[in-house]
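We number each residue from 1, following the sequence as shown.
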Amino acid sequence: MKVAVQAEDFRLEDEIAHLRGTRTDLGALVTFTGLVRDFHGERKIHRMTLEHFPGMAERQLTELAHTAMRRWDLQDVTLIHRYGSLDAGEQIVLVITAAAHRQAAFEAAQFLMDWLKTDAPFWKKEYSDHGTEWVESREEDTKAREKWLKNP
């Protein structure tokens, strides 16, 4: 399992190669890469700043990865979340789930993304032509996370 909170960008190919190594027991790898959009509603977004509490963010993401490993029959998980100033189009987050079967890999990746969107201790500020604005959590993200509580 790999969990990283970092300012540096990541390369999907390198992370997949690291996770796979020489293993032959993996039947599915599911990847999700989150990007900085250049819009929020009608506003044009130029960049975003992500802040976090060092140490706390790593602990929370590690616990989240462990929860996914316990809940599904996964062989491995990679979670990378960036912080700092990111321009539109840059990568923010990477989730990779590895399992013998695709259903576990897909469900675990969705679970991890739904929880990252609501519970990861990151604060986002967007920069647009209209100034700066802190990003509030969205109701649909909370509903997506809650479905996992109803389906333990």
Side-chain angles (χ1 to χ4, degrees), residues 1-38 40 45 47-126 133-152:
M1 182 171 71
K2 176 179 179 179
V3 174
V5 177
Q6 62 191 41
E8 301 80 25
D9 199 5
F10 52 83
R11 286 181 27 95
L12 176 62
E13 301 85 356
D14 293 346
E15 297 304 328
I16 288 174
H18 174 77
L19 187 145
R20 288 184 66 186
T22 58
R23 298 176 73 157
T24 58
D25 61 333
L26 304 177
L29 288 177
V30 171
T31 68
F32 173 85
T33 305
L35 307 171
V36 177
R37 284 187 309 259
D38 69 353
H40 186 150
I45 303 300
R47 70 183 162 95
M48 173 182 286
T49 299
L50 288 99
E51 297 181 6
H52 73 294
F53 285 127
M56 184 175 124
E58 290 85 349
R59 280 191 304 276
Q60 201 158 342
L61 267 57
T62 299
E63 179 54 36
L64 181 59
H66 281 297
T67 299
M69 296 282 289
R70 286 190 301 268
R71 192 166 176 162
W72 286 275
D73 189 15
L74 300 177
Q75 267 90 359
D76 213 338
V77 169
T78 296
L79 283 181
I80 299 175
H81 205 300
R82 296 180 65 200
Y83 64 87
S85 181
L86 303 173
D87 292 327
E90 286 196 69
Q91 301 178 125
I92 302 174
V93 66
L94 175 65
V95 173
I96 306 175
T97 53
H101 303 285
R102 71 179 185 269
Q103 183 173 355
F106 274 115
E107 288 179 5
Q110 183 68 48
F111 167 84
L112 290 166
M113 284 312 306
D114 288 343
W115 281 82
L116 282 171
K117 289 289 284 183
T118 57
D119 287 23
F122 292 91
W123 294 268
K124 300 174 186 174
K125 184 187 283 185
E126 293 177 335
E133 185 173 319
W134 289 102
V135 178
E136 300 281 333
S137 63
R138 300 180 316 166
E139 186 176 330
E140 62 233 37
D141 293 334
T142 301
K143 286 181 181 175
R145 179 180 60 89
E146 288 174 355
K147 78 179 177 197
W148 297 108
L149 297 172
K150 294 176 184 169
N151 277 329

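- Taking CE of M1 as the reference point, atom CD1 of I96 lies at 14.0 Å (rounded to 0.5 Å).
- With values rounded to the nearest 0.5 angstrom, Y83 atom OH is found 14.5 Å from F53 atom CZ.
- The neighbour count for E139 CD, taken as heavy atoms of other residues, nucleotides or ligands under 6.0 Å away, does not exceed 12.
- Contact detail for A65 and V3: the closest heavy-atom pair is CB-CG2, 4.1 Å.
- Separating the CG atom in D9 from the CG atom in L94 is a distance of 10.0 Å, to the nearest 0.5 Å.
- More than 12 heavy atoms of other residues, nucleotides or ligands shown are found within 6.0 angstrom of CD on E13.
- Counting only heavy atoms from C-beta outward, the side chains of E63 and R59 never approach each other to under 4.5 Å.
- Here E133 pairs with R43 under the side-chain contact (heavy atoms from CB on, under 4.5 Å) rule; sequence neighbours left out.
- Side-chain contact check for K147 versus D114: some heavy-atom pair is nearer than 4.5 Å.
- More than 12 non-hydrogen atoms from other residues, nucleotides or ligands lie less than 6.0 angstrom from CZ of F10.
- R47 is linked by a salt bridge (Lys or Arg N to Asp or Glu O under 4.0 Å) to nothing, counting only residues two or more places apart in sequence or in another chain.
- Of all heavy-atom pairs spanning V93 and M113, the tightest one is CG1-CE, 4.2 Å.
- Evaluation of the side-chain hydrogen bond (donor to acceptor under 3.5 Å, both in side chains) rule for T33 yields no partner, not counting sequence neighbours.
- With sequence neighbours excluded, the residues satisfying side-chain contact (heavy atoms from CB on, under 4.5 Å) with K117 are K124, D141.
- One distance of note links CG of L50 with NZ of K125; it measures 11.5 Å at 0.5 Å rounding.
- A salt bridge (charged side-chain N to carboxylate O under 4.0 Å, His left out) check over residues 85-96, counting only residues at least two apart or in different chains, returns the pairs R82-E90.
- Taking the side-chain hydrogen bond (donor to acceptor under 3.5 Å, both in side chains) definition, one finds that T31 meets it with nothing, sequence neighbours left out.
- Of all the heavy atoms in A68 and L112, the pair that sits closest is CB-CD2, 3.8 Å.
- For T62, the side-chain hydrogen bond (donor to acceptor under 3.5 Å, both in side chains) criterion is met by no residue, not counting sequence neighbours.
- For the salt bridge (Lys or Arg N to Asp or Glu O under 4.0 Å) test, no residue two or more places apart in sequence or in another chain qualifies with E8.
- Of the inter-residue distances, the one linking L29 atom CG with E15 atom CD reads 12.5 Å to the nearest 0.5 angstrom.
- Counting heavy atoms from C-beta on, the side chains of I80 and K2 come closer than 4.5 Å.
- Checked against side-chain contact (heavy atoms from CB on, under 4.5 Å), R37 has the following partners two or more places apart in sequence or in another chain: F39.
- Shown here is Q6, whose CD atom has more than 12 heavy atoms of other residues, nucleotides or ligands within 6.0 Å.
- By the side-chain contact (heavy atoms from CB on, under 4.5 Å) test, R23 is found to be paired with D25, L26, Q75, D76, residues two or more places apart in sequence or in another chain being considered.
- Contacts of F122 classified as ring pair (Phe, Tyr, Trp, His ring centres under 6.0 Å), with partners at least two apart in sequence or in another chain: H52, H81.
- The distance from atom CD of E51 to atom CH2 of W134, rounded to the nearest 0.5 Å, is 4.0 Å.
- Taking W72 as the reference, E107 meet the side-chain hydrogen bond (donor to acceptor under 3.5 Å, both in side chains) condition, with sequence neighbours excluded.
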